Number of protein chains: 2
Amino acid sequence: MSGTTSKSAKSIEKVYDFVVKYIHENAMSPSVRDICAGSGLKSTSSVHAYLKKLDEMGRIEYRPGLRRAIILKNQDQDTDEDRTEDINTDIIKLPCIGKITAGVPILAHETYSDDFFYINRSMIDGALNEDEAFVLKVKGDSMIDAGILDGDYLIVRKQSFCEDRDIIAALIEDEATVKRYGKLNGKPYLFPENEAYAPIPFFGENCRILGKVVGLHRYKIS
Amino acid sequence: MSGTTSKSAKSIEKVYDFVVKYIHENAMSPSVRDICAGSGLKSTSSVHAYLKKLDEMGRIEYRPGLRRAIILKNQDQDTDEDRTEDINTDIIKLPCIGKITAGVPILAHETYSDDFFYINRSMIDGALNEDEAFVLKVKGDSMIDAGILDGDYLIVRKQSFCEDRDIIAALIEDEATVKRYGKLNGKPYLFPENEAYAPIPFFGENCRILGKVVGLHRYKIS
DNA sequence: TGTGTTGTCAAACACTTGTTCGCATTGTCC
DNA sequence: GGACAATGCGAACAAGTGTTTGACAACACA
């Protein structure tokens, strides 16, 4: 293929890929024999040798003697460099706000941002910078008619204003919600996109716009 | 039984807590004897009994016979945090298939891939490798009731089979489409999720499954 | 041609570990 | 007290699994 490395390079990658896949699928390490079955290798000793190599390479951590004890290591050096070269220009990292703590202006500073989302900046209409947006997880079905389902992740551009018919993230009485903004008899309301819910008055002191929804990610298809 | 918190209730919590702690610290399941040491119980059979109970309660998943094979279940916070924790190290690049060229098995080689999508591998159920999936842009509104809108980007895991009720990308007569797979009178059909469309027979020579939809991105919110 | 290296396999071995069984202790209820 | 369940212990067993060893084929190199 790419030079002197032939079969072996292929096998070791197969082993590694399978280990990664298995751990992601099963939430636990495969056994050597599992890897045999998954990688096409027929001898446990071959797999064993590759695991040792992968451990030496630092790609996995491998505890001798223990059963199902392979741990994936962070590929921080190699892969990240490769990635960020391509990515940096076009990928931005957004904090995922899991919980909206009551009353606190969480959005000014990322008070809670262990979780991050990576998105393609250029996909977003009027591209974003990292500190101009955040991600919010949807709870409930009040927006299903807009194609926004329970469990979806919304990319929200921080802004304190919006236009008519925009879908926005807002704070009402310290509770975060996602709805469509609009007016009724001249007064602002938030409209669910689900017949089962009624419009919510959106005026007064405790109403605040967090931002406009500009993107959506979904990873639970059902 | 409900109110009596005696030794047993205490022990089972100790076992559970230790399992959680161990998995977080070591990134792998403890063995029964590890739990003995960590929970204060002195007999493997006691631990074994509690593990069985915890499994029945649905708090852990426990695969009989396998070593170090305890999996933590749906503790929504834990799991979600865990997931997103390793997002950072887990970005993959998928080709975006804009056009489905007639009859050609485009998926084998990425014939058309100017556009790439970057996604968080660990968000996907049963995480993907780069060559195991592709991205497809949705045209039309035949799936709106499933929350899939015109212009959405679908992440499709390549596979040639699927299960009942899966949403899949398929090829019919050289035309790509996304529908829900199911059966009608024992025969396979593709079901649009939109009352305006009728189910499509999905058998015969010119029908082929491209893959299963495992994720969705949307960047036009309206 | 001979030698060494690499990749793989098969089999055997030894240890880790899940599982089961019988028994002791404690507490509850009749 | 006697029956019974709940809890826990310890030991023994059996199965899963990591590790080692030796052998064979393919290939490179001198």
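Per chain, numbering begins at 1; letters A, B, ... match sequence-line order. Quantities reported herein were computed from a predicted structural model and do not represent experimental measurements.
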Hits for side chain to side chain contact (heavy atoms under 4.5 Å, CB included) against A:Ser43, two or more places apart or cross-chain, chain-then-number order -> A:Ser45, A:Ser46

Interface polar pairs with nucleotides 18-20 of chain D, N/O, under 3.5 angstrom:
from, atom 1, to, atom 2, distance (Å)
D:dG18, OP1, A:Arg68, N, 3.3
D:dG18, OP2, A:Val32, N, 2.7
D:dG18, O3', A:Gly65, N, 3.1
D:dG18, N7, A:Arg33, NH1, 3.1
D:dG18, O6, A:Arg33, NH2, 3.0
D:dT19, OP1, A:Gly65, N, 2.9
D:dT19, OP2, A:His48, NE2, 2.6
D:dT19, OP2, A:Tyr62, OH, 2.4
D:dT19, O5', A:His48, NE2, 3.2
D:dT19, O4, A:Thr44, OG1, 3.1

Applying side-chain hydrogen bond (donor to acceptor under 3.5 Å, both in side chains) to A:His217 and not counting sequence neighbours gives A:Tyr219, B:His217, B:Tyr219

Taken to the nearest whole Å, CG/B:Asp55 to P/C:dT19 is 10 Å

Sorted by chain and residue number, the side-chain hydrogen bond (donor to acceptor under 3.5 Å, both in side chains) partners of A:Asp141 (sequence neighbours excluded) come out as A:Tyr197

N-O pairing of B:Asp34 and B:Arg68 below 4.0 Å: yes

Those residues at least two apart in sequence (or on a different chain) that pass side chain to side chain contact (heavy atoms under 4.5 Å, CB included) with B:Leu149 are B:Ile144, B:Asp152, B:Arg218

Protein-nucleic acid N or O pairs under 3.5 Å, nucleotides 23-25 of chain C:
none

Taken in chain and number order and not counting sequence neighbours, the residues that satisfy side-chain hydrogen bond (donor to acceptor under 3.5 Å, both in side chains) with A:Thr44 are none

Residue set satisfying side chain to side chain contact (heavy atoms under 4.5 Å, CB included) with B:Ala49, at least two apart, ordered chain then number -> none

Taken to the nearest whole Å, CD1/B:Ile60 to C1'/C:dG18 is 13 Å

*Under 4.0 Å between a side-chain N/O of B:Lys53 and OP1 or OP2 of D:dT7, yes or no?*
yes

To the nearest angstrom, the CE-C1' distance between A:Met28 and D:dG16 comes to 12 Å

Residue set satisfying side-chain hydrogen bond (donor to acceptor under 3.5 Å, both in side chains) with A:Ser39, at least two apart, ordered chain then number -> none

query: With a non-hydrogen cut-off below 4.0 angstrom, is B:Leu51 in contact with a base, only sugar-phosphate, or nothing?
result: nothing

